[in-house]
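Structure first, then comments.
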Amino acid sequence: MKIAAFDVREDERADFAAASERTGAAVELHAEPLTAANAELARGAAGVSVLGHSQLDANLLETLHGMGVDVAATRTIGVNHIDMDAARRLGMAILNADYAPNGVAEYTVMFMLLVLRNYKPALWRGQVYDFSLEGLQGREMRNLTIGVMGTGRIGRTVIRILTGFGCRILAYDPYPNPEVAKTAEYVDIDTLYAESDLITLHMPLITEGPHANVHIINRDTIARMKDGVVLINCARGELMDLEALIDNIEAKKIGGLGLDTVETEEELIHRDRRTDILTNRGIAYLRQFPNVVMTQHMAFYTDAAVTSMVDHSVEGIKAVTETGEYRTRLV
Ligand code: NAD
């Protein structure tokens, strides 16, 4: 069985080799994203394995389907780069990743502490032997109300970690979880906005339909939050309106931001753009503030997670091809 893997990073190659040996699948590795221009590379494969740089839109899915490639596994949790409706219509199987939520949850809590303790300006100062304290006073978690939006696998792991800090934890999710309700207080979204000192997002990006949540954090919702609110986004950039974030940092309505993912990040993340002339003014402007910590969509990036991402994509394509079933199959 042939599997064509795209978007393959150097650090994934050893895991792909191990998964190939274990499953007997011949996995062909391609560093570039899967596009209409190189889709021929997938011909003869039982399925394709991709990351978020591969935009599996309706046209590309039709091309794959036309050459008999009816399984696509993304090595990501988020599937907003895949046209799921088109996949359903074509009868294709789409699988996502399955890895422990701990890596993203730990990163989220690290971001909370970095922002609350003014770590970014402290780091800047230390590098030029400025060891002054002025302006670096932080806040303690035990005195804060933390609002968690989305209490799925990552959100509830964040809540579990937070219980050790002694903060008050508010939660909002359209589908409350009884286990989470033992340690966090489910409230309506307006209460969460009004009472949280820090709000962290852990829901999928939904671009269409009644549950669409693009720019759920916008000028209006920020206005309903506490002055000096800290916002953390380790979910998806488009959940937050970038221009509204900039304006509210300038107005000091937002007291700090921890963004592992930011709107319009696609052309930047996971690439070395040091010598390029970048035109993304929003990100360039936002990242210069001392109270804004931004990273390159790397909350997931641990040794354990990468191994799981690769393993499940190879094993999933093999299982779906042979039996039609795998636990990460979404459609
Ligand atoms: P999950 O499916 O287990 O949980 C998502 C939760 O969000 C569900 O409980 C759902 O009911 C809830 N939800 C949906 N819409 C909501 C809304 N409008 N408001 C509040 N809650 C809502 O997903 P997960 O594994 O916890 O992952 C969450 C998201 O984190 C993913 O969809 C992905 O976009 C993001 N993520 C980011 C990284 C990274 O490296 N930064 C890595 C993995 C996942």
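Model, not experiment: these values are computed from the prediction. Counting starts at 1 for both ligands and their atoms, in listed order.
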Part of [X] with heavy atoms under 4.0 Å of ligand 1, whether side chain, backbone, both or neither:
| X | value |
| --- | --- |
| Met203 | both |
| Tyr172 | both |
| Val104 | side chain |

Any donor-acceptor pair under 3.5 Å linking the side-chain atoms of [Y] with those of [X]?
| X | Y | answer |
| --- | --- | --- |
| Thr302 | Tyr99 | no |
| Thr307 | Asp15 | yes |
| Ser308 | Asp311 | no |
| Tyr301 | Gln296 | no |
| Arg160 | Thr183 | no |
| Asp98 | Thr328 | no |

Measure from the side-chain N and O atoms of [X] to the backbone N and O of [Y], and report whether any donor-acceptor pair falls under 3.5 Å.
| X | Y | result |
| --- | --- | --- |
| Asn213 | Ile216 | no |
| Asn233 | Arg236 | yes |
| His312 | Asn96 | no |

Discussion item. Regarding atom 21 (N) of ligand 1: of the candidates Gly237, Gly150, Pro176, which has the closest heavy atom?
Written reply: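 Residue with the shortest heavy-atom distance to the ligand atom: Gly150.
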[atom]: nearest protein contact (heavy atom, Å):
| atom | result |
| --- | --- |
| atom 4 (O) of ligand 1 | Gly152 CA, 3.2 Å |
| atom 38 (C) of ligand 1 | Cys234 O, 3.7 Å |
| atom 44 (C) of ligand 1 | Ile154 CD1, 3.6 Å |
| atom 28 (C) of ligand 1 | His202 O, 3.6 Å |

Going by the atom numbers of ligand 1, which of them fall below 4.0 Å from some non-hydrogen atom of [X]?
| X | value |
| --- | --- |
| Tyr99 | 42 (C), 43 (C) |
| Pro204 | 5 (C), 7 (O), 14 (C), 32 (O) |
| His297 | 39 (C), 40 (O), 41 (N) |
| Asp260 | 39 (C), 40 (O), 41 (N) |
| Ala299 | 39 (C), 40 (O), 41 (N) |

Min N/O separation [X] to ligand 1 under 3.5 Å:
| X | value |
| --- | --- |
| Asp173 | yes |
| Phe300 | yes |
| Tyr175 | no |

Against ligand 1, does [X] come closer than 4.0 Å with any heavy atom?
| X | result |
| --- | --- |
| Pro174 | yes |
| Arg236 | yes |
| Thr261 | no |

Worksheet item: Nearest 0.5 Å, what's the CZ-CG distance between Arg125 and Leu136?
Response: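 Going from the CZ atom of Arg125 to the CG atom of Leu136 covers 4.0 Å.
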Worksheet entry | Sub-4.0 Å protein heavy atom next to atom 2 (O) of ligand 1 |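 It does not; no protein heavy atom is within 4.0 Å.
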Discussion item. In the complex you have, is atom 30 (O) of ligand 1 within reach of the protein, judged by whether a heavy-atom distance drops under 4.0 Å?
Written reply: yes
Worksheet item: Got a sec: does the CZ of Phe289 have more than 12 other heavy atoms crowding it under 6.0 Å?
Response: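 Yes, CZ of Phe289 has more than 12 neighbouring heavy atoms, counting only those of other groups under 6.0 Å.
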Discussion item. Looking at Arg117, I want to see if its CZ is surrounded by more than 12 non-hydrogen atoms of other residues, nucleotides or ligands under 6.0 Å.
Written reply: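 12 or below, so no.
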Worksheet entry | Heavy-atom side-chain proximity of Leu259 to Leu286 below 4.5 angstrom | yes
